[in-house]
Amino acid sequence: MISRRTLIGWLALAPLLAGAEENQQQAPKSDTGEQMYGLIGQLVAAPGKRDELASILINGIAGMPGCLSYIVSNDLQDDNALWVTEVWQSKSQHGASLSLDSVRQAIAKGRPLIAGFGQRVETLPLGGQGV
């Protein structure tokens with residue numbers, strides 16, 4: 001049986017959930033008319049190499065057209081893991097970034113430091129500070 005407190009909590013969330021559905025239909029579009037694109041991924045560095053990998057990722061992002069946000073963060077639960085959170089004007093601009101010399105060099109330099117990959121999630125950014 002559901003408690004009164006739980007029921008009230010779910011009823012309070014209902015307008016927020018309905019608003020999220022409306023926002024998804026009105027997701028911002030880029031100058032080309034494409035929907036924005038987001039990506040959140042976890043990289044696991046070789047033991048003791050997380051800081052070096054983070055530096056390579058941070059320094060290899062200069063001049064990426066269409067990149068609205070690129071954040072490299074330490075995982076507070078795993079001393080070897082990093083999270084990369086990206087927001088792009090479009091998925092096609094994200095794909096095009098992979099052919100940039102700076103990005104290709106960062107990938108080549110960072111690849112030997114990567115022990116594995118964790119979760120990877122594609123998202124549809126709706127808005128917020130910095131976007």
Side-chain angles (χ1 to χ4, degrees):
M1 180 168 192
I2 195 166
S3 73
R4 182 172 185 250
R5 178 177 282 177
T6 301
L7 177 62
I8 291 170
W10 279 107
L11 290 174
L13 282 176
L16 295 174
L17 296 174
E21 185 176 310
E22 288 174 18
N23 285 339
Q24 189 170 11
Q25 295 170 0
Q26 299 171 8
K29 299 198 181 221
S30 71
D31 297 339
T32 63
E34 296 177 83
Q35 289 185 322
M36 289 195 318
Y37 175 72
L39 187 61
I40 302 168
Q42 184 186 46
L43 290 87
V44 180
K49 298 294 183 180
R50 179 171 77 174
D51 291 344
E52 187 178 350
L53 179 58
S55 179
I56 291 167
L57 293 172
I58 292 167
N59 293 317
I61 62 170
M64 294 192 303
C67 183
L68 301 174
S69 176
Y70 187 94
I71 300 169
V72 177
S73 304
N74 283 338
D75 185 318
L76 297 179
Q77 310 272 311
D78 182 341
D79 290 339
N80 295 313
L82 294 168
W83 288 93
V84 178
T85 307
E86 305 174 47
V87 177
W88 293 83
Q89 287 182 346
S90 68
K91 187 172 185 174
S92 63
Q93 288 177 311
H94 171 263
S97 74
L98 299 175
S99 65
L100 294 172
D101 284 338
S102 61
V103 173
R104 291 172 67 171
Q105 289 171 10
I107 291 170
K109 193 173 180 183
R111 184 174 284 135
L113 305 177
I114 298 172
F117 297 92
Q119 293 179 294
R120 180 183 186 275
V121 180
E122 291 180 293
T123 66
L124 175 62
L126 301 175
Q129 186 170 340
V131 176

Chemist: Give me the atom names and distance for the closest heavy-atom approach of Leu98 to Ile107.
Modeler: CD2-CD1, 4.5 Å
Chemist: State, with a plain yes or no, whether a side-chain heavy atom of Val84 is found less than 4.5 Å away from one of Ile40.
Modeler: no
Chemist: What is the minimum heavy-atom distance between Met36 and Pro125, and which atoms define it?
Modeler: CE-CB, 3.4 Å
Chemist: Locate the shortest heavy-atom distance separating Ile71 from Ser73; write the atom from each residue and the value.
Modeler: CG2-OG, 3.6 Å
Chemist: In Å and rounded to the nearest 0.5 Å, what is the CZ to CG distance from Arg104 to Leu100?
Modeler: 9.5 Å
Chemist: Only distances under 3.5 Å count here; give the side-chain donor-acceptor pairs of residues 47-69 to other protein atoms, sequence neighbours excluded, each with its distance to 0.1 Å.
Modeler:
residue : atom : partner : partner atom : Å
Arg50   : NE   : Asn74   : OD1          : 3.2
Arg50   : NE   : Asp79   : O            : 3.2
Arg50   : NH1  : Asp75   : O            : 3.0
Arg50   : NH1  : Asp78   : O            : 3.0
Arg50   : NH1  : Ala81   : O            : 3.1
Ser55   : OG   : Asn59   : ND2          : 3.1
Asn59   : ND2  : Ser55   : O            : 2.9

Chemist: Specify whether His94 and Tyr37 have parallel, tilted or perpendicular ring planes, treating 30° as the upper limit for parallel and 60° as the lower limit for perpendicular.
Modeler: tilted
Chemist: Could you state the interatomic distance from OG1 (Thr85) to CD (Gln42), rounded to the nearest 0.5 Å?
Modeler: 11.0 Å
Chemist: Could you tell me whether the side chain of Val44 reaches within less than 4.5 Å of the side chain of Phe117, counting heavy atoms only?
Modeler: no
Chemist: Might you point out which heavy atoms bring Trp88 and Gln93 nearest each other, and give the distance in Å?
Modeler: CZ3-O, 3.8 Å
Chemist: With rounding to the nearest 0.5 Å, note down the distance linking CD1 in Ile114 to CG in Leu43.
Modeler: 5.0 Å
Chemist: Check whether Leu126 and Leu39 end up in the same hydrophobic cluster, where Ile, Leu, Val, Met, Phe, Trp and Tyr are linked by side-chain heavy atoms less than 4.5 Å apart.
Modeler: no
Chemist: Distance alone, cut at 3.5 Å: any donor-acceptor contact between the side chains of Ser90 and Gln35?
Modeler: no
